Protein chains: 2
Amino acid sequence: MLPSTALTPLQLVQSSSLPALVQAEIEQLILGGELAIGEHINESELALRFGTSRGPVREALRALEECRLVRSEKNRGVFVREVSVAEADEIYDVREVLDELIGRRVAERATPGQVLELKALAAEMDEATAGSDVKRYHALNLRFHDRVVAFAGNDRLAGTYRLLTKELLLFRLRGLQDGGGFAVSNTEHKAVVKAIAAGDAERAGRLLRRHAADSRARMHKAAAIAAAR
Amino acid sequence: MLPSTALTPLQLVQSSSLPALVQAEIEQLILGGELAIGEHINESELALRFGTSRGPVREALRALEECRLVRSEKNRGVFVREVSVAEADEIYDVREVLDELIGRRVAERATPGQVLELKALAAEMDEATAGSDVKRYHALNLRFHDRVVAFAGNDRLAGTYRLLTKELLLFRLRGLQDGGGFAVSNTEHKAVVKAIAAGDAERAGRLLRRHAADSRARMHKAAAIAAAR
DNA sequence: CAATTGCAGATTGTCGACAATATGCAATTG
DNA sequence: CAATTGCATATTGTCGACAATCTGCAATTG
C-alpha cells in the first residue's frame, strides 16, 4: 500500500471530523451496493449504526447530496440517487474531454516510477481477465484511472474527474454496464500506458479519450439490451 | 426575468428545505464579498441572522465545503476559501477543455431565440464597456457564460462548469483579475456568438476555448503585477 | 524582561428532545 | 365491495443545551 493512506491515530483524530468520517462511510455503503439504488436512507438507523447522533449523519448526507450520490426530498428524506442512461450519457460527454486532457498531462509529467505502477496495474488486469474475475477487474480498473488522473498533476482536474466517475459508478450499480468485452478495455489501457511511457501527449490524450468513448459505447449497448428485455 | 425563477409560494415551501435556502444565502454572502476571503465564519452569528438554529447553518456549510467555497478546520470552524494563483491556473486548465465542448454543443443546438439572447447580452456588455461600468460588465459576463452553458443542453456539463466558475469567482474576489482589457473580452464574445449563429461547432469551440485561455492570460498578468508590488 | 503557564471567554461539536410531516392500515360509508 | 377518511406509527426538521476545544490575555517565573 501507499504511505499516503497511512495516518497515525493522532493525525486521524485531528484532521477528520466526525461528519467527514460518516460521509466516507455512507459513500462506501452506497458505492459498495449495500444501500440499494433508489433506496430510502434512514437517518436514525445510520446514526445508530455509527454510534453517533443524527446531526453528523445529516451533515454527511448534505455533502453527499452535493456530490450527487443522494437526492433529498423535503419531509420525505434522502434517497440513493438513480442515474439514468441519459444522465450517464451526459457525464460521458464531459468525461471524454477530461480524459483527453488527463492523457496529455500525464504523458507530459509522469515519472518512470509512475509508468511502472500503471504497467503493473495493467498486468494485474490481464490476470483478472484471464481468470474471468470481473469484480477484481473493476476494482483494478477504477484504481488504474484514479492513479492516471493523480499523475496528471492537477488537483482540480482530479477532483472534477473523480466526482463524475463516482456518479458513473452509481449508474453502473444498476447493472447496465459491460456485457463483457473487458479484455478489449485492457488492450486500450496498455496502449495508453505505452503512449504515456513514450511521452507522447497527443497520442495518450487521443487514446484515453477514445477509451472513454468506447466505455460509453459499451454502456449504450448494455442499456439497449436491458431495455429490450 | 425568466419564468424559471418564478415559483409560487406553495412550490417554494414544498421544494426548498431550510438548509438549502441558508446555503444559497451564504453563497451570496461569499460571492458578493460580504464575507471576506479567508474570513472565519461564525455559525451562531449566521444562525441569528437567518433566524434559525445552528443545525441548518452547519448543514449548509457542509454543502458549501463540498462546492469548495469554504474550508473547514476541526474545532476551529469554517473559513471562506482563498484560491491561490496556482489553483486558479489548475481550474483554467479544466475550464478550457470544458469551454471547447460547450462551444461545440451550443453551436449544434442553440435555437434562434437563444442566439438572440446572447447577442443582446453582448450588446449590453458593449454599453457597459462604453460606460466603463466594470461591475455591470462582470455581472453580464457571468450571465453570458451561464446562458451559453445552459444552451449547450447538458446538465452535468453545466453543473461541472458552474462549480469551477464559482471557484474562479472566489479567486477573482482577491482582486487579482482584469487589469482592464475587457473591451477585448467582449470582442471575443461577439465572435463566439457569430460562430454559434452560423452553427459552426468547430469554430465556436475553438473560440470559446481561446476566450478562456485569454482570460487565464489576463489573470496571470494581473497576478504578476500584484506579486511585483 | 522574555517566555511560559494558567485562566476566562468564546466557539465548535455533539447530543437528546420535541414539533411537523408523511405513511400505512383499519374503520367507515356509499 | 371499492373508495375514502381518520388514526397510529414512524421519520424528518429544527431547536436548545451541554461538553470539548480553542484563543487571547494576564499572571508567574526564571
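Letters A, B, ... mirror the listed sequences (proteins, then strands); counts begin at 1. Source: prediction; values computed, not measured.
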message = Could you work out, with salt bridge (Lys or Arg N to Asp or Glu O under 4.0 Å) as the rule, every residue matching Arg156(B), not counting sequence neighbours?
response =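 Result, salt bridge (Lys or Arg N to Asp or Glu O under 4.0 Å) vs Arg156(B): Glu167(A).
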
message = Glu124(A): which residues meet the salt bridge (Lys or Arg N to Asp or Glu O under 4.0 Å) condition with it, sequence neighbours left out?
response =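 Glu124(A): salt bridge (Lys or Arg N to Asp or Glu O under 4.0 Å) contacts with Arg136(A).
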
Side chains of residues 18-29 of chain B: which donor-acceptor partners sit under 3.5 Å, not counting sequence neighbours?
{"unit_1": "Gln23(B)", "atom_1": "NE2", "unit_2": "Glu66(A)", "atom_2": "OE1", "d": "3.3"}
{"unit_1": "Glu27(B)", "atom_1": "OE2", "unit_2": "Lys166(B)", "atom_2": "NZ", "d": "2.9"}

For [X], what residues pass the side chain to side chain donor-acceptor pair (under 3.5 Å) criterion, not counting sequence neighbours?
X: Ser44(A); result: none
X: Glu43(A); result: Arg54(A), Arg58(A)
X: Asp89(B); result: Arg216(B), His220(B)
X: Glu45(B); result: none

Tabulated below should be each protein N or O lying under 3.5 Å from an N or O of nucleotides 5-11 of chain C; please produce it.
{"unit_1": "dT11(C)", "atom_1": "OP1", "unit_2": "Asn42(B)", "atom_2": "ND2", "d": "3.3"}

inquiry  = What is the distance, to the nearest angstrom, from the NZ atom on Lys74(A) to the P atom on dA22(C)?
reply    =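 Going from Lys74(A) (NZ) to dA22(C) (P), I get 9 Å.
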
ask   = In whole angstroms, how far is the P atom of dT14(C) from the CG atom of Leu21(A)?
value =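 My rounded result for the distance is 9 Å.
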
message = Does anything in residues 31-76 of chain A form a ring-ring contact (aromatic ring centres under 6.0 Å, His included)? List the pairs, not counting sequence neighbours.
response =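 Checked against ring-ring contact (aromatic ring centres under 6.0 Å, His included) - neighbours excluded - the pairs reaching residues 31-76 of chain A are His40(A)-Phe79(A).
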
inquiry  = Under a 4.0 Å threshold between the charged nitrogen and the carboxylate oxygen, would Glu59(B) count as salt-bridged to Arg62(B)?
reply    =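 Looking at Glu59(B) together with Arg62(B), the answer is no, because their closest N to O distance does not fall below 4.0 Å.
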
request  = Return the set of residues passing side-chain contact (heavy atoms from CB on, under 4.5 Å) with Ala110(A) (not counting sequence neighbours), or none when no residue passes.
outcome  =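 Ala110(A): side-chain contact (heavy atoms from CB on, under 4.5 Å) contacts with Val106(A), Gln114(A), Val115(A), Ile196(A).
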
remark   = Annotated structure of DNA chain C as dot-bracket, pair cut-off 3.5 Å, Watson-Crick or G-U only, | for inter-strand, is ||||||||||||||||||||||||||||||

inquiry  = Within residues 47-68 of chain A, which residues have any heavy atom lying less than 4.0 Å from an atom of DNA chain C?
reply    =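 Those residues are Gly51(A), Thr52(A), Ser53(A), Arg54(A), Pro56(A).
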
